[in-house]
Q: 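Here it is: the structure, laid out below.
All residue numbers refer to positions in the sequence shown, counting from 1. No hydrogens, no waters, no symmetry mates; every other heavy atom, side chains included, goes into these values.
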Amino acid sequence: MADKVTGLGMLVDDFEVQQGEMPLLSTLYNDVAKDRDGAQHEDVLMGDVELRNNFLYRGEESLCAVDDMGYEKLAAVLTIPTPYLMRLNARMRQENINYWLQALADKSMHLFTKNGELIDIQVGTSIELLDVLGILQERCDGWQVFQVQNKTNAVMVDILDCETAFDTERDTYYGGLRVIVPKKLIAPSVSTIFLNVNSCAIVNCGMEDPIGIKGLEYQKILDLIASRVDVCVSGIANYFKHFMAVAGGEVKNPRHRVALLCREHGLPDRIRVDAMSAFDDSGLQKATYEDMIDLFSSLMYAPGVKGASVMKLQGLAGFIMMTGNHEHRCGSCDAVIVADD
């Protein structure tokens, strides 16, 4: 089974056959805690460190071995594109890393090593992923992890409450949270998401205002993050009520609206073409807001769509879910009318 409009995606059951059963949030927390348990910590200046034959050295002292995960960590802190670095042969990879270590010689980095292997690097003060997962574990006990993405500057975790289902006339959704934890002293972002059980498409309803943490003690920052999580968890059901209030509403000239929404939300031309093609292939003559949400959210599974475009598509689906027919649009051209200040 797949999305009703585009035919993309798959049932959650099929996803779990391919990817394995979605783990409990507690499993993710325990795995991260286990990785850090017994780890050695050391502060070093980048200019004092050199990579030689897959080992980091400080002078003649071997600090740790570097495997593929270690290279990804190094790429992140040195702002080297990870795919580029991983395509290089060993000699060129070493030269690239050593060049940037010297270019950033005065910067300090905190190495985490375990059993002689590099497991993590931290530059400056940051909010610990384990602390954020601990907050989620306390408030979302029994939830499951749909995905974890280690991005260059952040870790993104999507968690779902699979015990509570929300139904439309044709689909079922699980509510959940998307939490993005930057690898710097920047507050995590927390947003409400919904996962379509029939297509595994994600609808991201957007974030609350950023958490202000400037000048706060670390524990106070964690308290604010916990408060934000509470707000988002308690708001899931109300968000779905917004969805149901607009889902069956008819969209005027839907094919034109698809093109307009792509332009208005900064989607690349190639994605706009994919969206138009998907709408044409669906055979829809009329469309509801639920059709629009299905179309944009499921396009994340179209061939070649990834990265920033996936996030924009999920956000656009969430925008439609929350806004629906409440936008002010021109009666003739359907473009958004911006109110005068």
Q: Under the side chain to side chain contact (heavy atoms under 4.5 Å, CB included) test, which residues partner Leu88, sequence neighbours left out?
A: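 By the side chain to side chain contact (heavy atoms under 4.5 Å, CB included) rule, Leu88 matches Tyr84, Leu85, Met92, Arg93, Asn96.
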
Q: Which residue pairs satisfy the side chain to side chain donor-acceptor pair (under 3.5 Å) criterion with at least one member in residues 215-224, sequence neighbours excluded?
A: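 Side chain to side chain donor-acceptor pair (under 3.5 Å) check on residues 215-224 returns Asp131-Tyr218, Gln219-Asp223.
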
Q: Run the ring pair (Phe, Tyr, Trp, His ring centres under 6.0 Å) test against Phe15 and tell me which residues pass, sequence neighbours left out.
A: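 Here the qualifying residues are Phe146.
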
Q: Quick one: hydrophobic cluster around Phe55, which other residues, with the 4.5 Å side-chain cut-off, linked directly or via members?
A: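 For the cluster that includes Phe55, the remaining residues are Tyr57.
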
Q: Report the relative orientation of the aromatic rings in Phe194 and Phe240; use parallel for angles under 30°, tilted for 30 to 60°, perpendicular for over 60°.
A: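 Tilted: the ring planes of Phe194 and Phe240 meet at 30° to 60°.
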
Q: Going by atom type alone, with no hydrogens or angles, which donor-acceptor pairs under 3.5 Å involve a side-chain atom of residues 98-105 and a protein atom two or more places apart or on another chain?
A:
unit_1, atom_1, unit_2, atom_2, d
Asn98, OD1, Leu51, N, 2.7
Asn98, ND2, Leu51, O, 3.0
Asn98, ND2, Gln94, O, 3.3
Gln102, NE2, Gly47, O, 3.1

Q: When you look at CG of Asp106, are more than 12 heavy atoms from neighbouring residues, nucleotides or ligands closer to it than 6.0 Å?
A: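 Count not over threshold, so no.
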
Q: Give the table of side-chain donor-acceptor pairs shorter than 3.5 Å for residues 132-142, with sequence neighbours excluded, one pair per line with atom names and distance.
A:
unit_1, atom_1, unit_2, atom_2, d
Gln137, OE1, Ser26, N, 3.3
Gln137, NE2, Asp141, OD1, 3.2
Arg139, NE, Asp230, OD1, 2.8
Arg139, NE, Asp230, OD2, 3.3

Q: Between Tyr71 and Asn54, do the side chains contain a donor N or O and an acceptor N or O under 3.5 Å apart?
A: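 Tyr71 and Asn54 do have a side-chain donor-acceptor pair below 3.5 Å.
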
Q: Between Ser298 and Ser199, do the side chains contain an N or O donor and an N or O acceptor separated by less than 3.5 Å?
A: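 No - no donor-acceptor pair under 3.5 Å links their side chains.
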
Q: Which residues pass the side-chain hydrogen bond (donor to acceptor under 3.5 Å, both in side chains) test with Thr168, sequence neighbours left out?
A: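 Residues passing side-chain hydrogen bond (donor to acceptor under 3.5 Å, both in side chains) with Thr168: Glu290.
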
Q: Cut-off 3.5 Å, no hydrogens considered: what does the side-chain donor-acceptor table look like for residues 156-165, sequence neighbours left out?
A:
unit_1, atom_1, unit_2, atom_2, d
Asp158, OD1, Arg178, NE, 2.8
Asp158, OD2, Gln147, NE2, 2.6
Asp158, OD2, Arg178, NH2, 2.9
Asp161, OD1, Glu163, N, 3.2
Asp161, OD2, Thr164, OG1, 3.0

Q: Under 4.5 Å between side-chain heavy atoms, chaining through other members, with only Ile, Leu, Val, Met, Phe, Trp and Tyr counted: pull out the rest of the cluster around Val17, sorted by chain and number.
A: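 Traced through the cluster, Val17 reaches no other member.
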
Q: Using a strict 4.0 Å threshold on nitrogen-to-oxygen distance, state whether Arg170 and Asp291 make a salt bridge.
A: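 Yes.
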
Q: Could you list all the side chain to side chain donor-acceptor pair (under 3.5 Å) pairs where at least one residue sits in residues 260-279, not counting sequence neighbours?
A: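 Checked against side chain to side chain donor-acceptor pair (under 3.5 Å) - neighbours excluded - the pairs reaching residues 260-279 are Glu264-Arg329.
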
Q: Which other residues belong to the hydrophobic cluster containing Ile119, where Ile, Leu, Val, Met, Phe, Trp and Tyr are joined when side-chain heavy atoms lie under 4.5 Å apart, directly or via other members?
A: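 Direct or chained contacts put Ile119 with Met69, Phe112.
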
Q: Which residues pass the salt bridge (charged side-chain N to carboxylate O under 4.0 Å, His left out) test with Glu50, sequence neighbours left out?
A: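 Residues passing salt bridge (charged side-chain N to carboxylate O under 4.0 Å, His left out) with Glu50: Arg52.
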
